[in-house]
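Presented below is the structure to which this report refers.
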Amino acid sequence: MGNKQARQRLKAQEFHFIAKNSAFLNREVVSDYYNEIIEKYRDGKMDAEDFKKIFRLAFPERPEEKLSALTEKIRNVEKTDGSIPMHSIAMLIYLFSDASTEDNLGQMFNLFDEDGNGNISIDELLNMMAFFIEIGMDTGNVDMAMVMSEVFLKGDKNKDEKLNKVEFIQGMTQHPVTSKILQVKTIDALLATF
(Lines give C-alpha, C1' and ligand atoms only; values in the text may rest on other atoms or scores of the structure.)
Protein backbone atom coordinates (compact mmCIF):
# COMPACT_ATOMS: atom_id res chain seq x y z
CA MET A 1 0.00 0.00 0.00
CA GLY A 2 1.19 3.54 -0.55
CA ASN A 3 3.61 5.08 -2.97
CA LYS A 4 6.07 2.32 -3.79
CA GLN A 5 8.42 4.66 -5.66
CA ALA A 6 8.69 7.07 -2.74
CA ARG A 7 9.54 4.25 -0.40
CA GLN A 8 12.30 3.15 -2.75
CA ARG A 9 14.11 6.48 -2.68
CA LEU A 10 16.32 6.19 0.35
CA LYS A 11 19.20 8.61 0.17
CA ALA A 12 22.83 8.47 1.24
CA GLN A 13 22.10 10.20 4.56
CA GLU A 14 19.51 7.53 5.35
CA PHE A 15 22.06 4.78 4.62
CA HIS A 16 24.44 6.57 6.97
CA PHE A 17 21.73 6.82 9.65
CA ILE A 18 20.93 3.11 9.41
CA ALA A 19 24.60 2.12 9.53
CA LYS A 20 25.24 4.40 12.50
CA ASN A 21 22.23 3.22 14.51
CA SER A 22 22.18 -0.52 13.79
CA ALA A 23 24.68 -3.35 13.39
CA PHE A 24 25.21 -2.73 9.68
CA LEU A 25 28.93 -2.12 9.17
CA ASN A 26 28.77 1.03 7.06
CA ARG A 27 26.56 2.93 4.67
CA GLU A 28 28.04 1.15 1.66
CA VAL A 29 26.89 -2.20 3.07
CA VAL A 30 23.43 -0.75 3.68
CA SER A 31 23.38 0.67 0.16
CA ASP A 32 24.49 -2.63 -1.40
CA TYR A 33 21.75 -4.61 0.37
CA TYR A 34 19.18 -1.94 -0.40
CA ASN A 35 20.05 -2.00 -4.10
CA GLU A 36 19.95 -5.81 -4.15
CA ILE A 37 16.50 -5.88 -2.55
CA ILE A 38 15.13 -3.12 -4.79
CA GLU A 39 16.36 -4.98 -7.86
CA LYS A 40 14.99 -8.33 -6.72
CA TYR A 41 11.59 -7.07 -5.55
CA ARG A 42 10.43 -4.51 -8.08
CA ASP A 43 6.86 -4.79 -6.80
CA GLY A 44 7.89 -3.41 -3.40
CA LYS A 45 7.25 -6.66 -1.49
CA MET A 46 9.83 -9.14 -0.24
CA ASP A 47 9.70 -12.72 0.94
CA ALA A 48 10.10 -13.73 4.57
CA GLU A 49 13.62 -15.12 4.19
CA ASP A 50 15.05 -11.90 2.74
CA PHE A 51 13.21 -9.92 5.41
CA LYS A 52 14.86 -12.05 8.10
CA LYS A 53 18.27 -11.75 6.42
CA ILE A 54 18.14 -7.94 6.41
CA PHE A 55 16.76 -7.79 9.95
CA ARG A 56 19.54 -10.12 11.21
CA LEU A 57 22.17 -7.90 9.60
CA ALA A 58 20.76 -4.85 11.36
CA PHE A 59 20.07 -6.55 14.70
CA PRO A 60 22.08 -9.78 15.02
CA GLU A 61 21.48 -10.01 18.76
CA ARG A 62 17.74 -10.63 18.38
CA PRO A 63 16.76 -14.26 19.13
CA GLU A 64 15.85 -16.31 16.06
CA GLU A 65 12.53 -17.56 17.49
CA LYS A 66 11.49 -13.97 18.21
CA LEU A 67 12.46 -12.89 14.70
CA SER A 68 10.38 -15.76 13.30
CA ALA A 69 7.37 -14.68 15.37
CA LEU A 70 7.80 -11.07 14.24
CA THR A 71 8.15 -12.15 10.62
CA GLU A 72 4.93 -14.13 10.79
CA LYS A 73 3.14 -11.18 12.37
CA ILE A 74 4.40 -8.82 9.68
CA ARG A 75 3.49 -11.27 6.92
CA ASN A 76 -0.06 -10.91 8.25
CA VAL A 77 -1.32 -13.75 6.07
CA GLU A 78 -4.83 -13.27 7.45
CA LYS A 79 -5.09 -9.90 5.67
CA THR A 80 -2.41 -9.98 2.95
CA ASP A 81 -0.78 -12.28 0.41
CA GLY A 82 1.97 -13.04 2.95
CA SER A 83 4.71 -11.05 1.25
CA ILE A 84 6.29 -8.26 3.27
CA PRO A 85 6.22 -4.64 2.06
CA MET A 86 9.78 -3.35 1.87
CA HIS A 87 8.94 -0.24 3.84
CA SER A 88 8.27 -2.55 6.79
CA ILE A 89 11.95 -3.34 7.18
CA ALA A 90 12.81 0.37 7.09
CA MET A 91 10.14 1.18 9.67
CA LEU A 92 11.38 -1.60 11.96
CA ILE A 93 15.00 -0.50 11.58
CA TYR A 94 13.97 3.02 12.54
CA LEU A 95 11.83 1.72 15.41
CA PHE A 96 14.56 -0.54 16.84
CA SER A 97 17.58 1.64 16.09
CA ASP A 98 19.81 3.17 18.73
CA ALA A 99 18.94 6.72 17.68
CA SER A 100 16.69 9.03 19.66
CA THR A 101 12.93 8.82 19.21
CA GLU A 102 12.95 12.20 17.46
CA ASP A 103 15.69 11.10 15.03
CA ASN A 104 13.86 7.85 14.30
CA LEU A 105 10.65 9.78 13.66
CA GLY A 106 12.55 12.10 11.34
CA GLN A 107 13.60 9.09 9.28
CA MET A 108 10.04 7.73 9.27
CA PHE A 109 8.84 11.17 8.15
CA ASN A 110 11.29 11.09 5.23
CA LEU A 111 10.10 7.62 4.26
CA PHE A 112 6.46 8.70 4.05
CA ASP A 113 6.96 12.20 2.65
CA GLU A 114 6.26 10.66 -0.70
CA ASP A 115 6.65 13.74 -2.86
CA GLY A 116 9.65 15.04 -0.91
CA ASN A 117 8.08 18.44 -0.26
CA GLY A 118 8.88 18.50 3.47
CA ASN A 119 5.28 17.88 4.50
CA ILE A 120 3.11 14.85 5.11
CA SER A 121 -0.42 15.09 3.81
CA ILE A 122 -3.35 13.17 5.21
CA ASP A 123 -2.96 10.63 2.38
CA GLU A 124 0.73 10.15 3.18
CA LEU A 125 -0.08 9.68 6.86
CA LEU A 126 -2.66 7.08 5.89
CA ASN A 127 0.13 5.18 4.12
CA MET A 128 2.00 5.11 7.43
CA MET A 129 -1.15 3.87 9.12
CA ALA A 130 -1.20 1.07 6.55
CA PHE A 131 2.17 -0.10 7.89
CA PHE A 132 0.72 -0.51 11.37
CA ILE A 133 -2.33 -2.27 9.98
CA GLU A 134 -0.12 -4.53 7.86
CA ILE A 135 1.71 -5.70 10.97
CA GLY A 136 -1.57 -6.32 12.74
CA MET A 137 -1.67 -3.37 15.12
CA ASP A 138 -5.28 -2.66 14.26
CA THR A 139 -6.43 -5.62 16.31
CA GLY A 140 -7.88 -5.49 19.78
CA ASN A 141 -8.70 -2.10 21.23
CA VAL A 142 -6.63 -0.03 18.79
CA ASP A 143 -8.30 1.58 15.78
CA MET A 144 -5.27 2.76 13.79
CA ALA A 145 -7.43 4.95 11.54
CA MET A 146 -8.63 6.85 14.60
CA VAL A 147 -5.11 6.97 16.06
CA MET A 148 -3.62 8.42 12.87
CA SER A 149 -6.46 10.93 12.65
CA GLU A 150 -5.73 12.03 16.22
CA VAL A 151 -1.97 12.17 15.52
CA PHE A 152 -2.70 14.41 12.56
CA LEU A 153 -4.94 16.71 14.59
CA LYS A 154 -2.42 16.91 17.47
CA GLY A 155 0.41 17.72 15.10
CA ASP A 156 -1.34 20.12 12.71
CA LYS A 157 -1.13 23.12 15.01
CA ASN A 158 -1.50 25.68 12.23
CA LYS A 159 -4.45 23.80 10.65
CA ASP A 160 -2.99 23.78 7.13
CA GLU A 161 -3.97 20.11 6.65
CA LYS A 162 -0.38 18.90 6.39
CA LEU A 163 2.37 18.10 8.86
CA ASN A 164 5.90 19.37 8.61
CA LYS A 165 8.59 17.31 10.32
CA VAL A 166 8.28 19.14 13.66
CA GLU A 167 4.49 18.82 13.67
CA PHE A 168 4.74 15.14 12.75
CA ILE A 169 7.18 14.44 15.59
CA GLN A 170 4.96 16.31 18.05
CA GLY A 171 1.82 14.48 16.92
CA MET A 172 3.49 11.06 17.13
CA THR A 173 5.12 11.67 20.53
CA GLN A 174 2.04 13.26 22.10
CA HIS A 175 -0.44 10.53 21.20
CA PRO A 176 -0.61 7.77 23.84
CA VAL A 177 -0.77 4.88 21.35
CA THR A 178 1.99 6.03 19.01
CA SER A 179 4.23 7.22 21.85
CA LYS A 180 3.96 3.74 23.38
CA ILE A 181 4.86 2.12 20.06
CA LEU A 182 7.87 4.42 19.72
CA GLN A 183 9.28 3.21 23.04
CA VAL A 184 9.44 -0.36 21.73
CA LYS A 185 13.03 -1.57 21.36
CA THR A 186 12.62 -5.35 21.51
CA ILE A 187 10.70 -7.86 19.46
CA ASP A 188 8.90 -9.07 22.59
CA ALA A 189 7.72 -5.57 23.37
CA LEU A 190 6.53 -5.06 19.80
CA LEU A 191 4.67 -8.37 19.75
CA ALA A 192 3.04 -7.45 23.09
CA THR A 193 1.46 -4.37 21.48
CA PHE A 194 -0.67 -6.52 19.16
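Numbering of residues begins at 1 and proceeds along the displayed sequence.
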### Query
Of all heavy-atom pairs between Gly171 and Thr178, which one has the smallest distance, and what is that distance?
O-OG1, 4.1 Å
### Task
Show the numbers, then the answer: is there a side chain to side chain donor-acceptor pair (under 3.5 Å) between Asp103 and Tyr94?
CA-CA 9 Å; Asp103 288 344; Tyr94 297 146; over 6 Å; no
### Phe152 versus Ser121, closest heavy-atom pair with distance
CE1-C, 4.0 Å
### Task
Under the side chain to side chain contact (heavy atoms under 4.5 Å, CB included) rule, what do Phe112 and Met91 come out as? Steps first, then yes or no, please.
CA-CA 10 Å; Phe112 286 91; Met91 288 289 286; 3.3 Å; yes
### Task
Apply ring-ring contact (aromatic ring centres under 6.0 Å, His included) to Tyr33 and list each qualifying residue two or more places apart in sequence or on a separate chain.
none
### Ring geometry between Phe168 and Phe109 (parallel below 30°, tilted from 30 to 60°, perpendicular above 60°)
tilted
### Summary
Taken to the nearest 0.5 Å, the spacing of Lys157 NZ from Asn164 CG works out to 12.0 Å
## Note on the structure
Taking every heavy atom of Leu111 against every heavy atom of Ala90, the minimum-distance pair comes out as CD2-CB, 3.9 Å
### Message
Could you measure the distance from the CZ atom of Phe51 to the CD1 atom of Ile89? Nearest 0.5 Å is fine.
### Response
4.0 Å
### Query
How far does NZ of Lys20 sit from CG of Asp98, to the nearest 0.5 angstrom?
10.5 Å
#### Entry: Pair Glu61 + Arg56, salt bridge at N-O below 4.0 Å
no
### Task
May I have the step-by-step check of side chain to side chain contact (heavy atoms under 4.5 Å, CB included) for Thr173 and Thr101, ending in yes or no?
CA-CA 8 Å; Thr173 57; Thr101 299; 4.2 Å; yes
#### Entry: Close side-chain approach of Leu70 to Phe55, heavy-atom, < 4.5 Å
yes
### Task
May I ask you to decide whether Lys162 forms a salt bridge with Asp156, counting only side-chain N to carboxylate O separations under 4.0 Å?
no
### Query
Passes side chain to side chain contact (heavy atoms under 4.5 Å, CB included), Met108 versus Leu182? Steps please.
CA-CA 11 Å; Met108 290 176 194; Leu182 294 169; 4.2 Å; yes
### Query
Do other residues, nucleotides or ligands put more than 12 heavy atoms under 6.0 Å from the CD atom of Glu161?
no
#### Entry: Heavy-atom closest contact (Ala58 atom, Ser22 atom, distance)
O-CB, 3.6 Å
### Task
Calculate, to the nearest 0.5 Å, the distance between atoms OG and CG belonging to Ser179 and Leu105 respectively.
10.5 Å
### Query
Looking at Ile169 and Gly106, what are the two nearest heavy atoms and their distance?
CD1-N, 4.3 Å
### Query
Which residues pass the side-chain hydrogen bond (donor to acceptor under 3.5 Å, both in side chains) test with Asp32, sequence neighbours left out?
none
### Summary
Heavy-atom closest pair (Ala48 atom, Ile84 atom, distance to 0.1 Å) is CA-CD1, 4.0 Å
### Query
How many angstroms lie between CD1 in Ile122 and CG in Leu163, if you round to the nearest 0.5 Å?
8.5 Å
### Query
Do the non-hydrogen side-chain atoms of Phe96 and Asn104 ever get within less than 4.5 Å of each other?
no
### Message
What I'd like to find out is whether the side chain of Asn119 reaches to under 4.5 Å of the side chain of Glu124, using heavy atoms alone.
### Response
no
#### Entry: Candidate pair Glu49 and Thr71, rule side chain to side chain contact (heavy atoms under 4.5 Å, CB included), full reasoning
CA-CA 9 Å; Glu49 288 311 308; Thr71 303; over 6 Å; no
### Task
Check the side chains of Ser68 and Lys52 for a donor-acceptor pair under 3.5 angstrom, ignoring hydrogens and angles.
yes
### Query
Just by distance, with hydrogens left out, do Ser83 and Asp81 show a side-chain donor and acceptor under 3.5 Å apart?
yes
### Straight-line distance of Arg62 CZ to Leu92 CG, nearest 0.5 Å
10.0 Å
